[in-house]
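The next block holds one structure in the form of structure tokens; read it before the comments.
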Amino acid sequence: MKTINMLMISGAIAMSALVSGCQTTTGMAEVDTKTHGTVTTYQITDAALQANNWQLVDAKTSAGKKVDTLFTNAAKPLTLSFMTIEGNNIVSLMNTCNNISAPYSVVNGEVELGSIISTMKACPDAEAKFDAASVASVVGKYTLSQGADKTPMLVVTNDHQVAHFKAVAKTEAK
């Protein structure tokens with residue numbers, strides 16, 4: 001129990017430090033495209049983010065190792081849901097033990113996250129580690145592109161990892 005609480009507190013402190021360090025993301029959007037080799041990126045807009053939920057399909061460390069903590073339950077993958085509630089843009093992390101969300105804005109095609117908010121339930125150790133890894137995977141630079149099968153992809157890159165999220169219909173998110 002102490003380990004879980006310390007992990008959550010450590011994760012919250014680390015994420016607060018990252019977020020307050022002006023975390024931004026860039027990405028793709030509907031109109032303005034730029035081709036980098038075989039990858040086409042688009043400008044990120046609220047409409048593009050909110051059109052789908054975003055399900056984690058891959059996450060690797062900067063050394064190229066899979067972030068196993070994020071793939072402990074295939075039936076409940078980390079899924080991001082961007083939405084507007086009462087005029088405020090919110091991203092919610094779905095399938096986590098705690099309820100985790102953050103306000104966000106898109107400024108000049110860059111995603112900026114506000115302070116990450118989380119309940120502090122006493123989750124089992126594996127779920128607490130999943131929550132901490134989930135928070136770490138959404139802090140960084142956002143890019144919106146297309147996968148090989150033309151599926152929209154949201155990629156979040158930071159100094160420690162790269163996470164790939166595929167677009168899924170809002171009704172398909174688990």
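Small disclaimer: the values here were computed from a predicted structure and weren't measured.
- Remark: Ser101 OG to Ile85 CD1 distance equals 8.0 Å, nearest 0.5 Å.
- The distance from atom NE2 of His164 to atom CG of Leu154, rounded to the nearest 0.5 Å, is 10.0 Å.
- For residues 50-69, every residue pair satisfying the salt bridge (charged side-chain N to carboxylate O under 4.0 Å, His left out) rule, not counting sequence neighbours, is listed here: Asp58-Lys60.
- The heavy-atom pair separating Gln161 from Val67 by the smallest distance is OE1-CG2, 3.5 Å.
- A side chain to side chain contact (heavy atoms under 4.5 Å, CB included) with Ser81 is found for one member of Ile90, Asn53, Leu49 and no other, namely Asn53.
- The structure places CG of Asp125 at 14.0 Å from CZ of Phe130, a figure rounded to the nearest 0.5 Å.
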- request: Could you go through the side chain to side chain contact (heavy atoms under 4.5 Å, CB included) check for Val135 and Ser118 one step at a time?
  value: CA-CA 10 Å; Val135 169; Ser118 175; over 6 Å; no
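- Across Ser137 and Leu70, no two heavy atoms sit closer than the pair CB-CD1, 4.1 Å.
- Taking the side chain as every heavy atom from C-beta outward, Val156 and Val111 never approach each other to under 4.5 Å.
- Of all heavy-atom pairs between Ile44 and Thr143, the closest is CD1-N, 4.2 Å.
- Rounded to the nearest 0.5 angstrom, Thr72 OG1 and Leu78 CG are separated by 10.5 Å.
- Residues Thr69 and Ala133 share a closest heavy-atom pair of CG2-CB, 3.9 Å.
- Under the 4.5 Å side-chain heavy-atom criterion for Ile, Leu, Val, Met, Phe, Trp and Tyr, Phe71 and Leu80 are members of the same hydrophobic cluster.
- Atom CG of Asn99 sits about 11.0 Å away from atom CD1 of Ile117, to the nearest 0.5 Å.
- Taking every heavy atom of both residues into account, Trp54 and Phe165 meet most closely at O-CD2, 3.5 Å.
- In this structure a side-chain-to-backbone donor-acceptor pair under 3.5 Å is present from Asn158 to His160.
- When every heavy atom of Ala102 is checked against every heavy atom of Gly114, the shortest pair comes out as CB-O, 4.0 Å.
- Distance alone, capped at 3.5 Å, places no donor-acceptor pair between the Asn95 side chain and the Thr79 backbone.
- A donor-acceptor distance shorter than 3.5 angstrom exists from the side chain of Thr61 to the backbone of Ala63, with no hydrogens or angles considered.
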message: Before you tell me yes or no, could you show the steps for Ile100 and Val138 under side chain to side chain contact (heavy atoms under 4.5 Å, CB included), namely the whole-Å CA-CA distance, both residues' side-chain angles and the distance that decides it to 0.1 Å?
response: CA-CA 11 Å; Ile100 304 171; Val138 300; over 6 Å; no
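- The line from CG of Asn89 to OG of Ser105 is 7.5 Å long, rounded to the nearest 0.5 Å.
- Checking side-chain atoms of Asn73 against main-chain N and O of Ala75 turns up a donor-acceptor pair under 3.5 Å.
- Using modelled atom types, one side-chain atom of Thr96 and one backbone atom of Asn98 make a donor-acceptor pair closer than 3.5 Å.
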